[in-house]
Novice: 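Dropping the structure in here first, questions after.
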Amino acid sequence: MSHLSGNQNELLELLKLAANSRCADCGAPDPEWASYKLGVFVCLTCSGIHRGLSSRVKSIKLDFWEDEHVEFMKSKGNDSARALYEKAVPVYYYRPREKDCAVLREQWIWAKYERKEFTGETKYPPVSYTAGFYEGMLWKKGKDNAQFLKRKFVLSDREFTLTYYNKENESKGPKAVIPIKDLNITFQPEKIGHPHGLQITFQDGNHTRNLYVYHERGEEIVTWFNAIRGARYAYLKAAYPTGRDEELIPKITRDYLKEGYMEKTGPSRKEPFKKRWFTLDSQNRKLLYFKGQLDAEELGVIFIGTEGKGYSAKECDQMHARGNKWKCGVAVGTPRRQYVFMCEQEREQKEWLDALRQVLSRPMAPQDYTIESNISY
């Protein structure tokens with residue numbers, strides 16, 4: 001028993017090193033599992049993915065550790081593994097974090113340790129997301145119905161476009177040619193109802209347009225995700241040639257700060273409240289609302305400026321609203337109009353207020369004034 005305790009204590013000492021104190025794959029704090037084949041310390045969730053790789057994982061505290069495995073862990077560790085398996089990760093490639101969806105974490109781990117995509121060795125043919133051109137079939141939701149149909153998509157970072165066709169026959173031309181300039185992509189598995197669900201958002205005239213797609217294979221949908229990120233990075237480098245990577249990389253793609261249902265009434269507050277799906281895009285300072293969570297176009301958009309410019313977000317009680325089913329109010333003020341929304345629970349109310357105030361507290365950039373002037377209420 002003392003032998004087991006001694007080996008466990010040695011492993012726990014290794015976890016005190018800064019590089020080992022977080023999961024080697026997603027960055028979660030205090031990993032309690034390790035792969036004695038790869039020499040990395042990982043969290044419980046990532047350890048399950050490693051089992052699929054047969055990379056021999058054990059619990060540091062619960063499993064028996066042989067001396068030779070402890071010595072191997074001492075000779076390796078997370079820093080050593082990164083130097084080998086993450087030697088040549090493209091700057092635009094998305095590195096999953098603790099709360100990211102399962103397919104991103106899974107494919108990151110498989111790409112690193114199984115396919116060895118980032119060791120710096122020359123690969124032929126090149127990895128798809130590095131080629132600057134990618135095409136294939138994705139299941140796409142219809143604009144006006146819930147049916148998903150196979151559609152051909154073509155990505156070109158030479159033309160900075162994402163094109164898709166309504167039929168497999170391309171002779172009739174594309175259904176849409178989407179500029180990379182204003183395009184965003186984010187994984188939405190719960191919203192779309194598929195573990196590989198991806199939302200593509202772009203500007204279509206004065207409207208925000210959403211496409212919802214998926215692919216049966218996790219590797220394929222993550223390849224699309226990173227290929228589009230690569231095209232976005234190429235566009236940003238061309239548009240901002242003096243921009244540093246630390247400034248450009250956060251602009252490649254983004255998750256939305258907050259999404260969910262709230263009840264909304266009209267400007268006079270006499271209209272009946274209606275349940276609407278809201279999305280807060282903090283980068284563009286937009287609060288968009290839709291009839292449903294999988295709508296192709298928004299019903300309206302509210303710009304969120306700063307308090308110094310006459311914008312506000314505060315709690316309001318149900319006495320200020322009529323006909324609502326939900327009771328936890330959020331009042332959003334703009335120079336042109338006051339909005340009242342109702343949340344179902346106090347937790348949702350607090351989350352919305354925190355998110356809105358986060359945007360309000362950020363100084364407006366020059367491009368924000370252009371976005372503000374283009375929004376009609």
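Each residue takes its place number in the sequence, starting with 1. Given the structure is predicted, the values throughout are model-derived calculations rather than measurements.
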Novice: For the side chain of Asn226 and the backbone of Tyr94, is there at least one donor-acceptor N/O pair under 3.5 Å apart?
Specialist: yes

Novice: Does the structure place the NZ or CZ of Lys291 under 6.0 Å from the centre of the six-membered ring of Trp277, at an angle of no more than 45° from the ring's axis?
Specialist: no

Novice: Looking at Glu263 and Lys325, does any basic side-chain N land under 4.0 Å from a carboxylate oxygen?
Specialist: no

Novice: Between His50 and Tyr113, is the ring centroid distance below 6.0 Å?
Specialist: yes

Novice: Count the heavy atoms of every other residue, nucleotide or ligand shown that sit under 6.0 Å from NZ of Lys181, and state whether that count exceeds 12.
Specialist: no

Novice: Atom CZ of residue position Arg56 - does it have more than 12 heavy atoms of other residues, nucleotides or ligands inside 6.0 Å?
Specialist: no

Novice: Tell me whether the guanidinium CZ or amine NZ of Lys264 lies under 6.0 angstrom from the six-membered ring centre of Phe273 and within 45° of its axis.
Specialist: no

Novice: Kindly check if the number of other-residue, nucleotide or ligand heavy atoms within 6.0 Å of CD (Gln358) is above 12?
Specialist: no

Novice: Answer yes or no: is there a donor N or O on one side and an acceptor on the other, between the side chain of Arg151 and the main chain of Asn166, under 3.5 Å?
Specialist: yes

Novice: Out of Arg95, Lys112, Arg105, which one pairs with Asp25 under the side chain to side chain donor-acceptor pair (under 3.5 Å) rule?
Specialist: Lys112

Novice: Provide the closest heavy-atom pair for Met73 versus Ala34 in the form atom of the first, atom of the second, distance.
Specialist: CE-CB, 3.7 Å

Novice: Looking only at atom types and distance, does a side-chain atom of Arg232 sit under 3.5 Å from a main-chain N or O of Lys251, one as donor and one as acceptor?
Specialist: yes

Novice: Under 4.5 Å between side-chain heavy atoms, hopping through other hydrophobics if needed: is there a path connecting Leu211 to Leu155?
Specialist: yes

Novice: Identify whether NZ of Lys or CZ of Arg in Lys141 sits under 6.0 Å from the centre of the six-membered ring of Phe148 and within 45° of that ring's axis.
Specialist: no

Novice: Report yes or no: does Glu247 contribute a side-chain atom to a donor-acceptor pair with the main-chain N or O of Arg244 at less than 3.5 Å?
Specialist: yes

Novice: Between the main-chain N or O of Ile185 and the side-chain N or O of Arg254, is there a donor-acceptor pair closer than 3.5 Å?
Specialist: no

Novice: Whether the side chain of Glu298 engages the backbone of Thr208 through a donor-acceptor N/O pair (distance < 3.5 Å, no angle test) should be reported.
Specialist: yes

Novice: Apply side chain to side chain contact (heavy atoms under 4.5 Å, CB included) to Phe41 and Leu14, showing your working.
Specialist: CA-CA 9 Å; Phe41 295 90; Leu14 292 177; 3.8 Å; yes

Novice: Centres of the Phe341 and Phe278 rings: under 6.0 Å?
Specialist: yes

Novice: Classify the ring geometry between Phe118 and Trp108 as parallel (under 30°), tilted (30 to 60°) or perpendicular (over 60°).
Specialist: tilted

Novice: Quick one: sort the Tyr36 and Trp65 rings into parallel, tilted or perpendicular, breaks at 30° and 60°.
Specialist: perpendicular

